[in-house]
Colleague: 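Encoded as structure tokens, here's the structure I'll be asking about.
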Amino acid sequence: MKIAIGADHGGYRLKDEIVPFLLSLGHEVEDLGCDCAQSVDYPDYALPVAERVASGQAERGILICGTGIGMSIAANKVKGIRCALVHDMFTAQATRDHNDTNVLALGERVIGPGLALEIVRIWLETPFSNGERHVNRIGKVTQIEEQYAERA
Ligand code: RB5
């Protein structure tokens, strides 16, 4: 799977653990930064990752900041993105099964790398259920996105 990944200064250390993990699982990774502790703005890293996924250049995206919150808010502004902030294994599974999320947000200051890698593995391996009620609900979310795009 082709995966785009990005982080701010609050998340780049966890990104540096996730990238080799993804490669070890056989995925192709596009690392869009950042790579040091110098303060940066999370939307500047969320946008290129979200755009890669929305355009189909990447199948999935992973975003990391201190809490994961800023990254998830920013990514969800991009049309076609369903980004979930996940800090436990149950939600990692459920958000793929129910929401068909295409971007995962994590908070480096919230969980340790062991749990983070397990969340990444589960989130990548769990297929969307394609259950009728879930397809219907995602369709309604897409309708909201389209209605607001028309008003802009
Ligand atoms: C940076 O200090 C921090 O605000 C950022 O990494 C993130 O947690 C924002 O949601």
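Only this structure's heavy atoms are used, side chains among them; waters, hydrogens and symmetry mates stay out. Remember, it's a predicted structure, so these values are computed and weren't measured experimentally. Position 1 is the first residue of the sequence; numbering continues from there.
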Colleague: Do Val49 and Ile62 come close enough that some side-chain heavy atom pair is under 4.5 Å?
Modeller: no

Colleague: When rounded to the nearest 0.5 angstrom, what distance separates CZ in Arg82 from CG in Asn99?
Modeller: 8.5 Å

Colleague: Closest approach of Ile111 and Leu106, non-hydrogen atoms and distance?
Modeller: CD1-CD2, 4.2 Å

Colleague: For Thr126 and Trp123, indicate whether the former's side chain and the latter's backbone hold a donor-acceptor pair under 3.5 Å.
Modeller: no

Colleague: Under 6.0 Å from the CD atom of Gln147, do we count more than 12 heavy atoms belonging to anything else shown?
Modeller: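 Count over threshold, so yes.
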
Colleague: Between Arg13 and Glu17, is there a side-chain N and carboxylate O pair less than 4.0 Å apart?
Modeller: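 The answer is no: the pair does not qualify as a salt bridge.
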
Colleague: Tell me, yes or no, whether the heavy-atom count around Met1 atom CE, taken from other residues, nucleotides or ligands under 6.0 Å, exceeds 12.
Modeller: yes

Colleague: Can you give me the closest heavy-atom contact between Ser129 and His134, atom names plus distance?
Modeller: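 What the structure gives for the nearest pair is OG-CD2, 3.3 Å.
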
Colleague: Are there over 12 heavy-atom neighbours, none belonging to Lys79, within less than 6.0 Å of that residue's NZ?
Modeller: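 It does: Lys79 NZ has more than 12 such atoms within range.
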
Colleague: Are Ile18 and Val29 packed together at the side-chain level, in the sense that at least one heavy-atom pair is separated by less than 4.5 angstrom?
Modeller: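 Heavy-atom side-chain distance check fails, nothing below 4.5 Å.
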
Colleague: Under the side chain to side chain contact (heavy atoms under 4.5 Å, CB included) rule, what do Arg96 and Arg60 come out as? Steps first, then yes or no, please.
Modeller: CA-CA 11 Å; Arg96 285 288 312 132; Arg60 301 276 188 90; 3.1 Å; yes

Colleague: Write down the atom of Asp31, the atom of Asp35, and the distance for their closest heavy-atom approach.
Modeller: OD2-OD1, 4.1 Å

Colleague: What are the two closest non-hydrogen atoms of Asp8 and Tyr42, and how far apart are they?
Modeller: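 That would be OD2-CB, 3.8 Å.
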
Colleague: Taking the side chain as everything from C-beta on, heavy atoms only, tell me whether Leu104 gets closer than 4.5 Å to Cys83.
Modeller: no

Colleague: Before you tell me yes or no, could you show the steps for Leu32 and Ile5 under side chain to side chain contact (heavy atoms under 4.5 Å, CB included), namely the whole-Å CA-CA distance, both residues' side-chain angles and the distance that decides it to 0.1 Å?
Modeller: CA-CA 6 Å; Leu32 293 158; Ile5 189 166; over 6 Å; no

Colleague: Kindly indicate, with the supporting measurements, whether the criterion side chain to side chain contact (heavy atoms under 4.5 Å, CB included) is fulfilled by Val120 and Phe21.
Modeller: CA-CA 9 Å; Val120 167; Phe21 179 65; 4.3 Å; yes

Colleague: Give me the atom names and distance for the closest heavy-atom approach of His27 to Leu124.
Modeller: NE2-CD1, 3.8 Å

